[in-house]
Participant: 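Below are the structure tokens for one structure; questions will follow.
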Amino acid sequence: IFNRGSLTEEDWEDIEALLLQADVGVVATQRMIADLRERSKKETDPEAVVQTLHAELVAILGDGDRSLARNEGGLTIWLVTGVNGTGKTTTIGKLAGRLAREGKSVVLAAADTFRAAADAQLETWASRSGAEVVKHAAGADPAAVAFDGVRAAKARGSDFLIVDTAGRLHTKTSLMEELAKIRRVVEREAGPPHEVLLVLDATTGQNGIAQARAFTEAAGVTGIALTKLDGTAKGGIVIACQQELGLPVKLVGLGEGIEDLAPFDPHAFVDALLD
Amino acid sequence: TLSERLESAFKRLRGRGKLTEDQVNEALKEVRTALLEADVHLNVVREFISRVRERAVGQEVLKSLSPAQQVVKIVHEELVGILGGSAKPLSFSPKPPTVVMIAGLQGSGKTTAAGKLAGWLKRKGKRPILVACDLQRPAAVQQLVLLGEQVGVPVVTRDGMSPVEVAAAGVEEAIRTNRDVVIVDTAGRLHVDEELMQEAADIKRRINPLETLFVADSMTGQDAATVAAAFLERVDFTGTVLTKLDGDARGGAALSIAHISGRPLKFISDGEKLDAFEPFHPDRLASRILG
Ligand SMILES: Nc1nc2c(ncn2[C@@H]2O[C@H](COP(=O)(O)OP(=O)(O)OP(=O)(O)O)[C@@H](O)[C@H]2O)c(=O)[nH]1
Ligand SMILES: Nc1nc2c(ncn2[C@@H]2O[C@H](COP(=O)(O)OP(=O)(O)OP(=O)(O)O)[C@@H](O)[C@H]2O)c(=O)[nH]1
Ligand SMILES: [Mg+2]
Ligand SMILES: [Mg+2]
């Protein structure tokens with residue numbers, strides 16, 4: 001009579017706990033579990049169910065092109081945005097390092113004119129890779145710095161311009177308008193940025209989706225850089241970012257050194273998530 | 001809001017003056033969802049729910065409240081009880097200076113909080129001094145020096161010394177210049193970075209702070225529980241500072257941290273300006289977490 005070997009309620013709770021504790025979110029988890037239970041009615045092995053879930057998550061994340069968009073034969077412009085403290089400036093430093101290793105010439109625009117020592121921090125990173133820095137005095141208009149960055153990169157025939165912006169909470173209307181203006185100014189001067197990165201901290205909870213939505217609306221985000229994945233946070237919010245907003249993760253930050261940057265690997269990510 | 005969800009959940013459940021088990025179980029399903037959406041850690045949610053269940057079943061419903069409101073009242077009280085907070089967020093040494101050490105993950109807002117705390121203490125008539133012990137992040141020392149200038153508080157910096165030595169030098173300088181509170185800013189570190197966690201423990205052992213403030217980002221998700229447990233074990237903090245509350249994260253991480261560490265929330269930072277800093281009041285955060 002007993003269906004020995006089928007999944008117990010406790011097995012299902014364990015799978016649900018895996019997803020919830022990975023910051024996948026309540027509603028998304030409930031939907032996934034319901035769908036999984038439907039598909040696994042005949043399944044007797046919990047391991048097989050987890051494998052199905054693994055495949056499902058990898059499918060959601062997709063296998064699209066994750067490389068950062070470039071302008072072959074011209075100036076490539078990347079705009080870097082996100083809330084406070086997520087790792088924007090550090091990620092830019094790492095990108096500059098990677099580009100230098102490719103033999104590319106890089107200009108960094110220090111468009112965070114607000115936070116104490118923001119330009120000094122970016123300059124230190126620039127010196128580690130030989131990138132040039134364009135900066136203004138503290139309190140200057142960030143859009144003006146971005147504008148000057150474009151001018152300087154064009155004048156020098158540089159391969160890349162990366163624009164660093166101040167951390168800003170998406171709830172601050174004036175700051176989001178400032179970001180929209182930075183993007184507009186760059187676009188007027190050199191066309192749409194080839195990549196607009198949203199830097200998300202892997203420890204971020206459900207607020208990450210609100211951030212992604214707001215930044216996409218303000219600046220047209222094209223990809224996510226997920227930082228601090230060398231910690232214990234799973235970064236499960238990026239699943240909703242992909243599923244609800246179509247935003248792919250393009251980069252992951254794995255530490256504080258110049259080499260600690262890697263392309264996003266959906267399989268490795270889901271492996272770690274379900275671990 | 002949770003209140004609205006509970007009201008509609010209770011429409012179908014008849015009660016008569018005392019909360020029934022059915023009513024409570026139905027309500028707790030909604031509370032569980034609300035807390036998980038607010039980023040409270042799953043295990044903390046489970047423990048919290050069972051605590052509320054014990055208190056709620058059979059409880060008298062006050063004449064002035066609906067059953068749903070009665071449950072919300074119990075939940076809110078339980079949250080406030082865990083979140084803690086007090087009128088006196090900082091203890092002071094009978095023999096000055098009071099040493100305060102700041103620690104936490106990368107980017108949580110420590111350096112800014114150090115500057116803000118210094119400004120807050122100065123406005124209270126204290127003579128604080130800041131010590132720049134983050135020797136690893138580019139321009140971290142300069143950042144603290146600039147913040148010190150903005151609040152009018154001196155900053156101790158040293159070249160050619162380890163963070164532990166700079167911390168000790170900072171306390172000596174404080175004594176020498178008659179400052180009564182020493183605020184030691186440290187580098188952001190991962191709880192799984194053995195070397196850096198050992199360094200934090202070394203700094204602490206060297207300067208013997210009366211207060212160690214764990215600075216946590218209010219938008220942190222499930223990981224807050226793991227991080228808090230690790231920092232408690234390796235560094236042992238006396239209180240938490242919750243930052244970036246001017247965003248719209250629900251802040252459930254605060255409940256995880258408070259529950260797991262048993263340490264009170266002491267201050268909140270709710271803005272980028274240096275005066276956006278105040279002692280923690282549990283009421284508002286409890287409502288925010290419940291949504
Ligand atoms: N462990 C780890 N730390 C990181 C990573 N990326 C950045 N950090 C650290 O996170 C902290 C914040 O980095 P920043 O680059 O200043 O962040 P930001 O987004 O530019 O900050 P604001 O400009 O103030 O908003 C620094 O201590 C970095 O070293 C990462 O991938 N792993
Ligand atoms: N909006 C807002 N921003 C804040 C708040 N507290 C800090 N910040 C910002 O968050 C970012 C990180 O702050 P820091 O003080 O550099 O953080 P940290 O913990 O010292 O960073 P590391 O030393 O790299 O670990 C900066 O952009 C700060 O201005 C706050 O309460 N609200
Ligand atoms: Mg920055
Ligand atoms: Mg700092």
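We name chains A, B, ... by the order of the sequence lines, and we start the count at 1 in each one. Only heavy atoms go into these numbers, but all of them, side chains included; no hydrogens, no water, no symmetry mates.
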Participant: For each of A:Lys234, A:Gln30, A:Arg115, tally heavy-atom pairs with chain B at distances under 4.5 Å, and name the one with the top tally.
Facilitator: A:Arg115
Participant: Residues of residues 40-51 of chain B under 4.5 Å from chain A (heavy atom pairs)?
Facilitator: B:His41, B:Leu42, B:Asn43, B:Arg46
Participant: Shortest non-hydrogen contact from B:Ala139 to A:Ala120?
Facilitator: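 Distance-wise, the nearest heavy atoms are CB-CB, 3.7 Å.
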Participant: What part of B:Leu190 gets closer than 4.5 Å to chain A, counting heavy atoms only: side chain, backbone, both or neither?
Facilitator: side chain
Participant: Please state whether the side chain, the backbone, both or neither of A:Gln211 comes within less than 4.5 Å of a heavy atom of chain B.
Facilitator: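 The side chain, not the backbone.
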Participant: Heavy atoms only: give me the nearest B:Glu272-A:Gly167 pair and the separation to one decimal.
Facilitator: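 Heavy atoms of B:Glu272 and A:Gly167 come nearest at OE2-O, 3.9 Å.
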Participant: Examine whether an atom of A:Ile209 lies under 4.5 Å from a heavy atom of chain B, and if so say whether it belongs to the side chain, the backbone or both; otherwise answer neither.
Facilitator: neither
Participant: I need the minimum non-hydrogen distance between A:Lys228 and B:Gly107, along with the two atoms involved.
Facilitator: NZ-CA, 4.1 Å
Participant: By a 4.5 Å heavy-atom criterion (distance strictly below it), what part of B:Thr33 contacts chain A: side chain, backbone, both, or neither?
Facilitator: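 It is both, since atoms from each part get that close.
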Participant: Would you sort out whether A:Lys172 and B:Asp246 count as a side chain to side chain contact (heavy atoms under 4.5 Å, CB included), showing the intermediate values?
Facilitator: CA-CA 9 Å; A:Lys172 309 265 166 90; B:Asp246 45 322; 2.4 Å; yes
Participant: For the CZ atom on A:Arg101, are there more than 12 heavy atoms of other groups (residues, nucleotides or ligands in this structure) within a distance under 6.0 Å?
Facilitator: yes
Participant: When only pairs under 4.5 Å are counted, which of A:Thr89, A:Thr90, A:Asn84 shares the most heavy-atom pairs with chain B?
Facilitator: A:Asn84
Participant: Please check if atom CD in B:Glu278 has more than 12 non-hydrogen atoms from other residues, nucleotides or ligands closer than 6.0 Å.
Facilitator: yes
Participant: Of all heavy-atom pairs between B:Pro138 and A:Arg128, which one has the smallest distance, and what is that distance?
Facilitator: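 What the structure gives for the nearest pair is CG-NH2, 3.8 Å.
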Participant: Name the member of A:Val26, A:Thr124, A:Val27 that forms the most heavy-atom pairs with chain B at distances under 4.5 Å.
Facilitator: A:Val26
Participant: Heavy-atom cut-off 4.5 Å, strictly under: side chain, backbone, both or neither for A:Asp119 against chain B?
Facilitator: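 Contact with chain B involves no heavy atom of A:Asp119 at all.
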Participant: Between A:Thr171, A:Thr227, A:Thr232, which residue shows the highest count of heavy-atom pairs closer than 4.5 Å to chain B?
Facilitator: A:Thr232
Participant: With rounding to the nearest 0.5 angstrom, report the CD to CD distance, B:Gln136 to A:Glu256.
Facilitator: 5.0 Å
Participant: State, with a plain yes or no, whether a side-chain heavy atom of A:Leu169 is found less than 4.5 Å away from one of B:Met219.
Facilitator: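 SC-SC contact between A:Leu169 and B:Met219 confirmed.
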Participant: Report which part of B:Arg250 has an atom under 4.5 Å of a heavy atom belonging to chain A: side chain, backbone, both, or neither.
Facilitator: neither
Participant: In Å and rounded to the nearest 0.5 Å, what is the CG to CG distance from B:Asp39 to A:Leu20?
Facilitator: 11.0 Å
Participant: Counting neighbours of NZ on A:Lys181 that are heavy atoms of other residues, nucleotides or ligands and sit closer than 6.0 Å, is the number greater than 12?
Facilitator: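 No - once you tally the heavy atoms of other residues, nucleotides and ligands closer than 6.0 Å, there are 12 at most.
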Participant: Please check if the number of heavy atoms outside B:Gln198 that lie under 6.0 Å from its CD is greater than 12.
Facilitator: yes
Participant: Under 3.5 Å, side chain of B:Asp248 to main-chain N/O of A:Asn207, donor-acceptor pair present?
Facilitator: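 Side chain of B:Asp248 to backbone of A:Asn207, a donor-acceptor pair under 3.5 Å: no, none is there.
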Participant: What part of B:Leu144 is in contact with chain A, defined as an atom under 4.5 angstrom from a non-hydrogen atom: side chain, backbone, both or neither?
Facilitator: neither
Participant: Could you look at A:Gln121 and say if it's the side chain, the backbone, both or neither that has a heavy atom under 4.5 Å from chain B?
Facilitator: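 Both the backbone and the side chain of A:Gln121 come within 4.5 Å of chain B.
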